[in-house]
Amino acid sequence: MSENVIEVRGLTRQFGRKTALNDIALSIPRGEVFGLVGENGAGKTTLLKHLLGLFNAQSGSVTVFGLDPVANPEEVLGRIGYLSEDRDLPDWMNVQDLIKFTAAFYSNWDSAYAEDLRQTFDLQPKQKVKSLSRGQRARIGLLLALAHRPELLILDEPSSGLDPVVRRDILGAIIRTVADEGRTVLFSSHLLDEVQRVADRVALIHHGEVVLSESLDDVLNSHCWLIARFPESLNEPPLIEGVLRGEGEGREWTILCNGKRQKVEQQLHALRAEIVEQRTPSLEEIFIARAGSIPAKQHSS
Amino acid sequence: MQIHVSEADGTPYYTQVVQQIKHLVASGRLTSGERLPPVRKLAEQLLINPNTVARAYRELESEGVVASKRGSGVFVSDSGSPLSTKEKQRILHDRVDSLLVAARQLGVDMDSLLTTIAQRDKKLGNPSTKTK
């Protein structure tokens, strides 16, 4: 099956007078890891909550597995594993009871796999959820999201505030999930080096709008850093079409070009500048430049 | 097989995997007939997307460095890594180029550079003359 697991068209959401999502369109193909990136408050969590059927689309449409998640909550949620950003877990339960309690909601719960994960994550059965460390909370949340072997795994800022060991567990879980044929992972993150490691496709959300949604390869290949040396000192970055960002002083300037590299090189040549170095930018550098170059349509507080 | 990938490298992960495996083959650390780790295992080890590893393996296969045998995995080609000479050259060219750039920036001329290389070679005990 190669259809899109998630299809969002023209989704707009207002909270009072604030537009949280504006005309969002996204297609997420089966079997891929999709990274959703953007600043805090850009609208990532709001978008994920629509996919889980927690918000009704005010306008536009949302389908998951070809179904409307609001109209078919059981059918859709039974096939999704979800790790929320705030890891809202019942504090009064212990690990063992929480696993049993969650298992009851899923017909396809895999107890052996749950036990395997519990041991891997070093979670003590009798320990109260309340007394778990931040990292252990993330691990039990991950266990609960994975143990019914969902077709779609949605992780909202899974690595946020966690130490490198737990982050490794989370990345490992993403990799194992997608390595099992046909499974799909959607995760939001502001740790762009992690997104660059595991994502097939990325979307950048900025002030409630999708400003970039492409395969990771296309994003990385279409951008490049050039260090240009000009014949004379410049006081500000050269005005060149296709340049997202320019930094430097005097005769040497580092510029990030967007896609049309040849055109940029021609323009530099016309300015009698010499290209002294070039390299591929990281996703983080691209997104900082992208987000920085887009004027905000409205200011949220 | 031990390889490492890094975001700071400035090349895509799949290129890093391809180049490092070629490097291992060229340097004899992977020999013909040796089996590469399964895609999933290498992906988990490197913490990168399995599709990236699969793509690197496909590229290595299309270049004849490895061959996949249905159901049993991916192996270093029997033909004794057809690219190894070319690949050795490529690796050396990269290193030599950066050395030359450094030498020019430091104002070191060709003769002094060659003398330095010979001196360093002596200091390192020149093991390559023993093996070849």
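Small disclaimer: the values here were computed from a predicted structure and weren't measured. Here is the naming used below: chain letters follow the sequence lines, and residue numbers restart at 1 for every chain.
The shortest heavy-atom contact between A/Arg176 and B/Glu44 is CG-OE2, 3.0 Å.
Without hydrogens or angle criteria, A/Arg197 side chain to B/Ser6 main chain gives no donor-acceptor distance under 3.5 Å.
Taking A/Leu216, A/Leu283, A/Asp217, A/Leu220 one by one and counting their heavy-atom pairs under 4.5 Å with chain B, the maximum is reached by A/Asp217. Highest contact tally toward chain B, considering only A/Glu284, A/Gln196, A/Glu194, is held by A/Gln196 [criterion: heavy-atom pairs under 4.5 Å]. Of the listed residues (A/Asn221, A/Leu171, A/Val185, A/Thr280), the one with the most heavy-atom contacts under 4.5 Å to chain B is A/Thr280.
In this structure, A/Arg251 places its CZ atom where more than 12 heavy-atom neighbours from other residues, nucleotides or ligands lie under 6.0 Å away. Residue-environment remark: CD (A/Glu85) exceeds the threshold of 12 foreign heavy atoms within 6.0 Å. In this structure, A/Arg279 places its CZ atom where more than 12 heavy-atom neighbours from other residues, nucleotides or ligands lie under 6.0 Å away. Dense packing is recorded around CD of A/Gln119, with more than 12 heavy atoms of other residues, nucleotides or ligands lying under 6.0 Å away. For A/Glu115, the CD atom counts as densely surrounded, since its 6.0 Å shell holds more than 12 non-hydrogen atoms of other residues, nucleotides or ligands. In this structure, B/Arg35 places its CZ atom where more than 12 heavy-atom neighbours from other residues, nucleotides or ligands lie under 6.0 Å away.
With a 4.5 Å cut-off on side-chain heavy atoms, B/Leu47 and A/Ile175 count as touching. Counting only heavy atoms from C-beta outward, the side chains of A/Val198 and B/Ile48 never approach each other to under 4.5 Å.
For B/Val5, the parts lying under 4.5 angstrom from a heavy atom of chain A are both the backbone and the side chain.
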